[in-house]
Number of protein chains: 2
Amino acid sequence: MARAQFDREQVLENVTNAFWRLGYSATSMQTVFEKTGLKPGSIYLAFGNKEGLFKESLDHYTQQSLTRLEATLAQYTRVEEAIRHILCRFIEESCQAQYCSCFLVKSQLELGEHQVELKNHVSEQLRRVESLFYKYLLKDNSESAAQAKASSIMLHIFGIRVYGYHSHSRDQLLAALRLGLPWLGWSAEH
Amino acid sequence: MARAQFDREQVLENVTNAFWRLGYSATSMQTVFEKTGLKPGSIYLAFGNKEGLFKESLDHYTQQSLTRLEATLAQYTRVEEAIRHILCRFIEESCQAQYCSCFLVKSQLELGEHQVELKNHVSEQLRRVESLFYKYLLKDNSESAAQAKASSIMLHIFGIRVYGYHSHSRDQLLAALRLGLPWLGWSAEH
DNA sequence: ATATAACTTGAATGATTGTTCAACTTTTGC
DNA sequence: GCAAAAGTTGAACAATCATTCAAGTTATAT
């Protein structure tokens, strides 16, 4: 029973990157072989097929994202401050040259009738993100207020992910966030 | 000089629908031939290639969208009321069974390094939409306020387009819009 | 009526798609 | 040390991809 000779994490890192940038359809298995240096047989034995590989990539990405979000949310005493930090980070990301939006958002919109299972899987991951915000907002809010605020946060995040993909304008996005999320208590200067 | 025997508008309608639902990569020319009933030669003579066909589809969709938006904006005396109507319409759309988000948003996120020209074209169309809101908001706002409000509207629209694609929850979206866009002056009941 | 330009047809192109598999190598359990 | 399990290899598969083109048809201009 020989062990796999490749680092599964490393492989998923490369594959996720390819899927993230190019999308599910536009990423060929040929591309996967090249980015990982593995041969067809190894990939198919380890991940089943393209859908399985994509699903694991999604999980890999979600895991990283949630961990990072949770860390930031736990770091600050006031939830609003943490969320502000997260949103500002997203804006900064969107201004970088190689920005390619959010893997989950892109996948959600790309997948359709032909990949229902994958699409539902993405939806589930997005709901996990919203639940995380909801959980932290519950500390200072009623259930209905926390839900509305969590949804509003998600709307703005989705907005940044799309808007930032073609605009790259930090100030415009920041002004829009200040206007749409006044309850986050933005400071006067920044 | 024989005229084309097909209705260009009708063909674009069908093709747009396919691209909209399946995306650029996942829509094969074979699909195009089937949906239109035309043979390869006719399509390639009329539209050049897949990219050209996609570009015309985008323009067809943008034309229809802008016309509809402009009509609603011109219909109401108060801009805020018009925008509220538009957003509510978007929410209603997102609750329908066959909802497939916004063609421009989906394309913006799908297109990448390999279709830079197309991607820029989509960005341009999205900017036209924002400019339309900006123009109408200028009537009652300073330039900076109108810009911030237009951006905020776009963020929320993008949000609906993504959020509505996996949630289908009318009330949640509405509550989030009321929270994020209070300056639109929502009535107490609805 | 005829010449010519516009358009349609459908088979064919070579490249690329996702996936399989028999042969081979490596590691493990006993 | 031996057998079996696990993993690797690289060629090969049929299917589909976007696109082309020579031949045939149609409409228009003169």
Side-chain angles (χ1 to χ4, degrees), chain A residues 1-58 107 110-119 121, chain B residues 1-58 107 110-119 121:
Chain A
M1 332 145 171
R3 283 206 211 108
Q5 291 170 14
F6 58 86
D7 179 2
R8 199 178 172 95
E9 280 291 311
Q10 182 67 49
V11 166
L12 272 177
E13 191 79 22
N14 293 331
V15 173
T16 299
N17 201 269
F19 276 134
W20 187 358
R21 283 189 299 105
L22 303 171
Y24 177 72
S25 288
T27 303
S28 68
M29 293 303 288
Q30 185 62 35
T31 304
V32 170
F33 305 145
E34 288 163 6
K35 297 285 176 187
T36 61
L38 295 178
K39 311 290 171 179
S42 299
I43 294 283
Y44 276 86
L45 183 71
F47 301 98
N49 55 17
K50 192 183 178 183
E51 276 207 31
L53 185 58
F54 189 73
K55 198 166 182 173
E56 290 223 33
S57 290
L58 285 171
S107 302
E110 180 186 358
L111 301 174
E113 321 158 39
H114 295 310
Q115 310 99 356
V116 182
E117 199 182 341
L118 276 181
K119 191 190 155 189
H121 191 67
Chain B
M1 333 144 168
R3 283 206 211 109
Q5 291 170 14
F6 58 86
D7 179 3
R8 200 178 172 96
E9 280 291 309
Q10 181 67 49
V11 166
L12 273 176
E13 190 79 23
N14 293 331
V15 173
T16 300
N17 201 269
F19 277 134
W20 187 358
R21 283 189 299 106
L22 304 171
Y24 177 73
S25 287
T27 303
S28 68
M29 292 303 287
Q30 185 62 35
T31 304
V32 170
F33 305 146
E34 288 163 6
K35 298 285 177 188
T36 60
L38 295 178
K39 311 290 170 179
S42 298
I43 293 284
Y44 277 85
L45 183 71
F47 300 99
N49 56 17
K50 193 182 179 183
E51 276 206 31
L53 184 59
F54 189 73
K55 198 166 182 175
E56 289 223 33
S57 290
L58 285 171
S107 302
E110 181 186 358
L111 301 174
E113 321 158 39
H114 294 310
Q115 310 98 356
V116 183
E117 199 184 339
L118 276 181
K119 192 191 156 191
H121 192 67

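The sequence lines fix the lettering, A, B, ..., with proteins before strands; numbering per chain opens at 1. Please read all numbers here as calculations on a predicted model, not as lab measurements. What you see below is based on every heavy atom in this structure, not just the backbone, and it leaves out hydrogens, waters and symmetry mates.
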Practice task
Considering only NZ, NE, NH1 and NH2 on the basic side and carboxylate oxygens on the acidic side, decide whether A:Arg8 and A:Glu56 come within less than 4.0 Å.
Solution key: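 So A:Arg8 pairs with A:Glu56 through a salt bridge.
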
Handout entry: Sidechain N-carboxylate O distance under 4.0 Å for B:Glu110, B:Lys119
Key = no

Exercise for the section: Report the residue (A:Thr31 or A:Gly48) whose heavy-atom-nearest nucleotide on DNA chain C is the more 5′ of the two. Expected result: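 Its nearest nucleotide being more 5', the pick is A:Thr31.
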
Handout entry: Residue closer to the 5' end of DNA chain C, B:Leu38 versus A:Tyr24 (nearest nucleotide)
Key =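 The 5'-side residue here is B:Leu38.
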
Handout entry: Gap separating the CG atom of B:Leu38 from the CZ atom of B:Phe47, nearest 0.5 angstrom
Key = 8.0 Å

Problem - Separation of B:Phe19 CZ from B:Leu12 CG (nearest 0.5 Å) - result: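 Between B:Leu12 CG and B:Phe19 CZ, I get 10.0 Å after rounding to 0.5 Å.
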
When we call it a touch if two heavy atoms are under 4.0 Å apart, what does [X] touch: a base, just sugar-phosphate, or nothing?
X       : value
B:Ser25 : nothing
B:Thr27 : sugar-phosphate
B:Ser42 : base

Problem - Proximity to the side chain of B:Met29 - top-ranked nucleotide from D:dA18, C:dT19, C:dT17 - result: D:dA18

Whole-Å distance separating the [atom1] atom of [X] from the [atom2] atom of [N]:
X        : N      : atom1 : atom2 : answer
B:Tyr44  : C:dT9  : OH    : P     : 16 Å
B:Gln115 : D:dA18 : CD    : C1'   : 14 Å
A:Lys50  : C:dT16 : NZ    : P     : 15 Å
B:Glu51  : D:dT19 : CD    : C1'   : 14 Å
A:Glu34  : D:dG10 : CD    : C1'   : 15 Å
B:Asn49  : D:dC17 : CG    : P     : 17 Å
A:Gln30  : C:dA15 : CD    : C1'   : 12 Å
A:Arg8   : D:dT8  : CZ    : P     : 11 Å

Problem - side-chain N/O B:Lys39 vs C:dT8 OP1/OP2, d < 4.0 Å - result: no

Exercise for the section: Assess A:Lys50 against A:Tyr24: is NZ or CZ under 6.0 Å from the centre of the six-membered ring, and within 45 degrees of the ring's axis? Expected result: yes

Exercise for the section: Identify, between A:Pro40 and A:Leu45, the residue whose nearest nucleotide on DNA chain D lies closer to the 5' end. Expected result: A:Leu45

